[in-house]
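Note that this is a predicted model, so its numbers are computed, not measured.
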Amino acid sequence: MVQHRVGYAPGVYDLFHVGHLNILRHARSQCDYLVAGVVSDEMAALAKGHTPVIPLRERLEIVRSVRFVDAAFVETVPDKVETWQQVRFDVIFKGDDWRGTEKGVKLERDFAEVGVEVVYFPYTVHTSSTQLRRALDVLVSRPGALSAP
């Protein structure tokens with residue numbers, strides 16, 4: 001019996017951009033089956049301090065439609081090991097902004113106990129949802145910005 005390597009790529013995937021696409025593309029190249037974990041609005045608010053611009057239902061549909069993604073899963077708990085118990089992946093993919101941080105070290109330690117590999121990908125510095133959100137805030141705050149002609 002051939003064993004397939006299942007990968008898991010969690011993210012909020014708000015304001016979907018090329019950085020998200022790069023992570024999903026790279027992740028898919030390192031596994032046989034890729035599950036994208038789309039963080040719920042409530043979990044995103046807890047983690048980031050604000051709710052996503054794009055509602056969960058739409059983010060899920062966008063991520064499901066990416067050709068590198070085999071399945072999408074709504075992530076509703078903060079504990080990635082608890083998510084692993086539901087999804088059962090062999091490798092988890094994170095941006096390298098997590099490498100060496102307290103949360104990254106914890107992730108590696110927790111997953112080592114259950115035999116899951118943690119793989120880091122280069123973080124797309126020039127594009128992020130946070131930067132896009134800031135740019136939108138600036139645009140919206142300008143008098144007459146984004147108003148109909």
Side-chain angles (χ1 to χ4, degrees), residues 1-137 139-140 146:
M1 182 172 158
V2 177
Q3 184 167 356
H4 293 284
R5 181 169 152 112
V6 177
Y8 186 70
V12 177
Y13 298 108
D14 195 21
L15 301 172
F16 196 89
H17 55 77
V18 72
H20 296 135
L21 188 62
N22 288 339
I23 283 180
L24 295 171
R25 177 186 298 117
H26 293 312
R28 186 61 174 86
S29 75
Q30 294 196 24
C31 62
D32 300 303
Y33 188 86
L34 180 62
V35 179
V38 181
V39 176
S40 71
D41 292 345
E42 297 77 18
M43 289 304 308
L46 282 174
K48 306 257 185 186
H50 55 78
T51 56
V53 173
I54 309 298
L56 174 62
R57 185 180 89 267
E58 294 177 23
R59 291 183 288 119
L60 194 58
E61 185 62 29
I62 290 165
V63 171
R64 271 190 183 131
S65 298
V66 174
R67 70 180 171 144
F68 308 113
V69 174
D70 295 296
F73 174 83
V74 177
E75 195 172 291
T76 59
V77 294
D79 183 357
K80 298 290 189 229
V81 174
E82 193 173 330
T83 298
W84 170 80
Q85 291 169 341
Q86 297 171 30
V87 179
R88 294 296 176 162
F89 45 86
D90 304 300
V91 58
I92 185 169
F93 302 103
K94 293 298 290 177
D96 65 3
D97 55 320
W98 276 55
R99 187 191 309 267
T101 66
E102 187 177 322
K103 60 187 177 181
V105 170
K106 180 181 181 336
L107 189 77
E108 292 172 28
R109 183 179 57 243
D110 291 349
F111 277 123
E113 291 179 14
V114 294
V116 172
E117 181 183 2
V118 177
V119 172
Y120 296 103
F121 291 132
Y123 184 75
T124 307
V125 179
H126 66 278
T127 304
S128 75
S129 296
T130 301
Q131 290 174 332
L132 291 173
R133 182 186 282 269
R134 285 186 194 135
L136 287 172
D137 288 345
L139 287 173
V140 169
L146 303 179

Asks: So, using side-chain contact (heavy atoms from CB on, under 4.5 Å) as the criterion, who are the partners of Glu117 when residues are at least two apart?
Replies: Arg5, Val91, Val119

Asks: Say whether, by atom type as modelled, one donor and one acceptor occur between the side chain of His20 and the main chain of His17 under 3.5 angstrom.
Replies: yes

Asks: Which atom pairs, donor and acceptor, lie under 3.5 Å between side-chain atoms of residues 54-67 and protein residues at least two apart or in another chain?
Replies:
residue: Arg59; atom: NE; partner: Ile54; partner atom: O; Å: 2.8
residue: Arg59; atom: NH1; partner: Val12; partner atom: O; Å: 2.6
residue: Arg59; atom: NH1; partner: Val39; partner atom: O; Å: 2.9
residue: Arg59; atom: NH2; partner: Val39; partner atom: O; Å: 3.2
residue: Arg59; atom: NH2; partner: Asp41; partner atom: OD1; Å: 2.5
residue: Ser65; atom: OG; partner: Glu61; partner atom: O; Å: 2.8

Asks: Just wondering, do Val114 and Gln85 contact through their side chains at under 4.5 Å, heavy atoms?
Replies: no

Asks: Could you report the tightest heavy-atom contact between Phe68 and Leu24, atom names first, then the distance?
Replies: CB-O, 3.7 Å

Asks: Mind checking ring pair (Phe, Tyr, Trp, His ring centres under 6.0 Å) for Phe111 and listing every partner two or more places apart, or none if nothing turns up?
Replies: Phe89

Asks: Return the SG to CD1 distance between Cys31 and Ile92, rounded to the nearest 0.5 Å.
Replies: 12.0 Å

Asks: Let me confirm one number: the OG1-CG distance from Thr101 to Leu107, rounded to the nearest 0.5 Å.
Replies: 8.5 Å

Asks: Parallel, tilted or perpendicular, judged at 30° and 60°: which one describes the rings of Phe93 and Phe121?
Replies: parallel

Asks: Between Gln86 and Phe73, is there a side-chain heavy-atom distance shorter than 4.5 Å?
Replies: yes

Asks: Pairs in or reaching into residues 99-109: which pass salt bridge (charged side-chain N to carboxylate O under 4.0 Å, His left out), with residues at least two apart or in two chains?
Replies: Lys106-Asp110

Asks: When you compare the side chain of Val6 with that of Asp32, does any pair of heavy atoms fall below 4.5 Å?
Replies: no

Asks: What pair of heavy atoms forms the shortest contact from Arg28 to Leu34, and how long is it?
Replies: CD-CB, 3.7 Å

Asks: With sequence neighbours left out, which residue pairs that include part of residues 78-98 fulfil the salt bridge (charged side-chain N to carboxylate O under 4.0 Å, His left out) condition?
Replies: Glu75-Lys80

Asks: Is any side-chain heavy atom of Trp98 closer than 4.5 Å to a side-chain heavy atom of Val118?
Replies: no

Asks: Taking only residues two or more places apart in sequence, or in another chain, which ones meet Ala71 in a side-chain contact (heavy atoms from CB on, under 4.5 Å)?
Replies: Tyr33, Val35

Asks: Are the charged groups of Asp14 and Lys48 less than 4.0 angstrom apart, N to O?
Replies: no

